[in-house]
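Just below is one structure, and these are the notes that go with it.
Residue numbers begin at 1 in each chain, while the letters A, B, ... track the order of the sequences.
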Number of protein chains: 2
Amino acid sequence: MSSENKRSSELRRSMPLLPISTVMQLTELSARQIRYYEEHELIQPHRTEGNRRMFSLNDVDTLLEIKDMLEQGVNMAGIKKVFDMKKHSSQLKAQAKEEISDSELRQILREEMKLVQRQQKPSLRHGDMSRFYQ
Amino acid sequence: MSSENKRSSELRRSMPLLPISTVMQLTELSARQIRYYEEHELIQPHRTEGNRRMFSLNDVDTLLEIKDMLEQGVNMAGIKKVFDMKKHSSQLKAQAKEEISDSELRQILREEMKLVQRQQKPSLRHGDMSRFYQ
DNA sequence: AATTACATGTTAGGAAAACTAACATACGTC
DNA sequence: GACGTATGTTAGTTTTCCTAACATGTAATT
């Protein structure tokens, strides 16, 4: 896939299309749960002019990951850590891409992994929204 | 693509995910227009328990086709005809697949085309929802 | 055993979004 | 100028979603 395509599909996946009722069905989470996870800053759904939450496909993906980890006994704090690390490591990766070799990068990511695994054993299975679109 | 994948992506594309407000943004149609097209049976959005319309990606695709044809001067009746023919010819095609050769099939579809073209000159450009997912 | 923290349920009251139905209007056609 | 078609607008209702508060089950802590 070209980087152009990657960028525009990222755009589509982050478009706020879905009301909470749809997200409830897709994830089998309650509204209370979804709002609670937002309260803890695990997701940041868009708001309409009238203050209704509107969710993207990425949000649904994230919620499925959260659900997964909770079911595996990871608590909010743990999930936050995992997400922080993910963000950090993808920033690192983006930055590193232009500076270092692949093998050096893999080495760094292995070290990051160890850091997290010391604290908990999260499921790293990726969210499964791919079921719901093309 | 395997026929299994084709079937399941069709499933996803027909899932009622979107409220009318989202569809309005995606298509740049007014609520009045969308409801009017439903009234004329060009789309059949799902209804929630509380009677709210919920639209699928296929519905959005269809609406974009309708918009396209209207802009090209085709009226409701013409659009209906085009859709009827589409449905008919895809049924025909499905049935034919197991009975006749490709070249025979192409011949039949050419004849169907002529039938419609005698009445109007619709745009056959396909709806462009592919912008919005994966 | 009592306390605490965490994740979620439930309820109440209010605001936004969507519904139907009816009437209004612009524009093309007879 | 009357008519038909596609769309706008408005009014009155119903449904969905919002926040905030309090309730509850379970696990960890004392």
To the nearest Å, how far apart are [X] [atom1] and [N] [atom2]?
{"X": "Ile20(A)", "N": "dA16(C)", "atom1": "CD1", "atom2": "P", "result": "17 Å"}
{"X": "Leu42(B)", "N": "dT5(D)", "atom1": "CG", "atom2": "P", "result": "14 Å"}
{"X": "Ile34(A)", "N": "dA7(C)", "atom1": "CD1", "atom2": "C1'", "result": "14 Å"}
{"X": "Met76(B)", "N": "dT7(D)", "atom1": "CE", "atom2": "P", "result": "6 Å"}
{"X": "Glu39(B)", "N": "dT20(C)", "atom1": "CD", "atom2": "C1'", "result": "10 Å"}
{"X": "Met54(B)", "N": "dT15(D)", "atom1": "CE", "atom2": "C1'", "result": "13 Å"}
{"X": "Glu49(A)", "N": "dA17(C)", "atom1": "CD", "atom2": "C1'", "result": "12 Å"}
{"X": "Glu71(A)", "N": "dT8(C)", "atom1": "CD", "atom2": "P", "result": "10 Å"}

Pairwise 5' ranking along DNA chain D for Arg32(B) and Asn51(B), keeping only the more 5' one: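 In this pair, the answer is Arg32(B).
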
Closest-nucleotide ordering on DNA chain C, the 5'-leading residue of Tyr36(A) and Arg53(B):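 Its nearest nucleotide lies further toward 5', so the answer is Tyr36(A).
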
Give the minimum heavy-atom separation between [X] and [Y], together with the two atoms involved.
{"X": "Tyr37(B)", "Y": "Leu70(B)", "answer": "OH-CD1, 3.1 Å"}
{"X": "Thr22(A)", "Y": "Leu17(B)", "answer": "OG1-O, 2.7 Å"}
{"X": "Val60(A)", "Y": "Thr27(A)", "answer": "CG1-CG2, 3.9 Å"}

Base dC18(D) to side chain Arg52(A), donor-acceptor N/O within 3.5 Å cut-off: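 There is none.
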
Phosphate-side-chain proximity, Thr48(A) and dA16(C), N/O vs OP1/OP2 below 4.0 Å: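 Result: no.
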
Residue-phosphate contact under 4.0 Å: Arg47(A) side-chain N/O, dT19(D) OP1/OP2: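 Yes, such a contact exists.
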
Residue pair Ser56(B) / Asp59(B), side-chain donor-acceptor N/O under 3.5 Å: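 Yes.
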
Distance-only donor-acceptor check, side chains Ser30(A) and Gln33(A), under 3.5 Å: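 Checked: Ser30(A)/Gln33(A) side chains pair up, N/O donor to acceptor below 3.5 Å.
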
Tyr37(A), nearest nucleotide to its side chain (from dT8(C), dT7(D), dG9(C)):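 Out of dT8(C), dT7(D), dG9(C), the nucleotide with an atom closest to Tyr37(A)'s side chain is dT8(C).
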
Minimum-distance nucleotide to Asn75(B) side chain [options: dA6(D), dC19(C), dT8(C)]: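 Nearest nucleotide to the side chain: dA6(D).
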
